[in-house]
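Below is one structure; the comments refer to it alone.
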Amino acid sequence: MARSNSEPSRLAGHGPSTSDDFVTRVLEVVAAIPAGRVMTYGDVAAAIGSRAARGVGQVMAYYGSEVPWWRVIRASGHAVADHEAEALQHFRAEGTPIAHTRDGGYRVELRRARYVPSV
DNA sequence: AAGTTGACTTTCG
DNA sequence: TCGAAAGCCAACT
């Protein structure tokens with residue numbers, strides 16, 4: 001793991017160089033997603049004027065603890081890797097449209113739950 | 001400065 | 001519909 005974090009000063013805000021960086025913008029968009037709706041990593045990246053879908057994932061992996069990370073899923077409709085069970089609890093509580101697969105898994109119905117911040 | 005990694009996306013078979 | 005490969009972007013070493 002390369003991103004094992006060496007300086008969490010970003011959250012402390014004692015570094016002005018990170019006041020409006022990629023990280024902050026991603027958190028803003030994710031926090032703006034209403035309950036019962038979801039956005040793909042690519043959509044979040046596009047919302048901030050970028051295409052770094054993976055970059056969004058990096059931010060979520062570290063700062064996700066402060067935002068509704070479960071509302072950010074993959075373009076395939078699958079929830080966040082290694083946290084599907086956790087996300088499912090939130091989806092059921094928020095009424096997010098879910099499609100259960102025959103192999104015991106599940107996937108979000110992007111067609112219905114996809115949220116587009118056109119405002 | 002260059003290389004590696006990652007909670008991704010899209011295209012091809 | 002599913003699986004593998006290539007592509008892209010940002011952050012860390």
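Note that these values count all heavy atoms, side chains included, but never hydrogens, waters or copies made by symmetry. Residue numbers start from 1 in every chain, and the chains themselves are labelled A, B, ... in the order their sequence lines are given, proteins ahead of strands.
- The nucleotide whose nearest atom lies closest to any side-chain atom of Val23(A) is, among dC8(B), dA11(C), dA10(C), dA11(C).
- Taking atom CD1 on Ile33(A) and atom C1' on dA7(B), their separation rounds to 14 Å, with Å as the unit.
- At dC8(B), none of the side-chain N or O atoms of Ser76(A) fall inside 4.0 Å of OP1 or OP2 (strictly under the cut-off).
- Nucleotide dA7(B) holds its C1' atom 14 Å from the CG atom of Leu27(A), rounded to whole Å.
- Annotation for Ala45(A) and Ala53(A): closest pair CB-N, 4.0 Å, computed over non-hydrogen atoms.
- In the set dC8(B), dA11(C), dA7(B), the nucleotide with an atom closest to the side chain of Phe22(A) is dA11(C).
- The side chain of Arg74(A) has dT9(B) as its nearest neighbour among dT9(B), dC9(C), dA7(B).
- Heavy-atom distances to DNA chain C give each of Val59(A) and Arg107(A) a nearest nucleotide, and the one nearer the 5′ end belongs to Arg107(A).
- Rounded to an integer number of Å, the gap from Leu88(A) CG to dA7(B) C1' is 17 Å.
- By the 4.0 Å N-to-carboxylate-O rule, Glu109(A) lies close enough to Arg112(A) to be salt-bridged with it.
- Tyr106(A) and Ala79(A) get closest at one heavy-atom pair: OH-CB, 3.2 Å.
- Note: CD1 (Ile48(A)) to C1' (dA11(C)) measures 13 Å, nearest angstrom.
- Comparing atom distances between the Trp69(A) side chain and each of dC8(B), dA7(B), dC9(C) picks out dA7(B) as nearest.
- To the nearest angstrom, P of dT9(B) lies 12 Å from NE2 of His78(A).
- Taking only side-chain atoms of Ala52(A), from C-beta outward, the nucleotide of dC9(C), dT9(B), dA7(B) with the closest atom is dC9(C).
- The base of dC9(C) sits within donor-acceptor range of the side chain of Arg54(A), with an N or O pair under 3.5 Å.
- Among the nucleotides dC9(C), dG6(B), dA7(B), the one closest to the side chain of Gln58(A) is dG6(B).
- A distance-only check finds no donor-acceptor pair linking the side chain of Glu28(A) to the backbone of Thr24(A) [under 3.5 Å].
- Distance Arg51(A) CZ to dC9(C) P: 5 Å, rounded to the nearest Å.
- Between Phe91(A) and Trp70(A), the shortest heavy-atom distance links the atoms CZ-O, 2.9 Å.
- The NE2 atom of His83(A) sits 13 Å away from the C1' atom of dG6(B) (whole-angstrom rounding).
- Distances were taken from every side-chain heavy atom of Ala75(A) (C-beta onward) to each of dT9(B), dA10(C), dA7(B); the shortest belongs to dT9(B).
- Atom pair Met60(A):CE and dC8(B):C1' shows a separation of 13 Å (rounding to whole Å applied).
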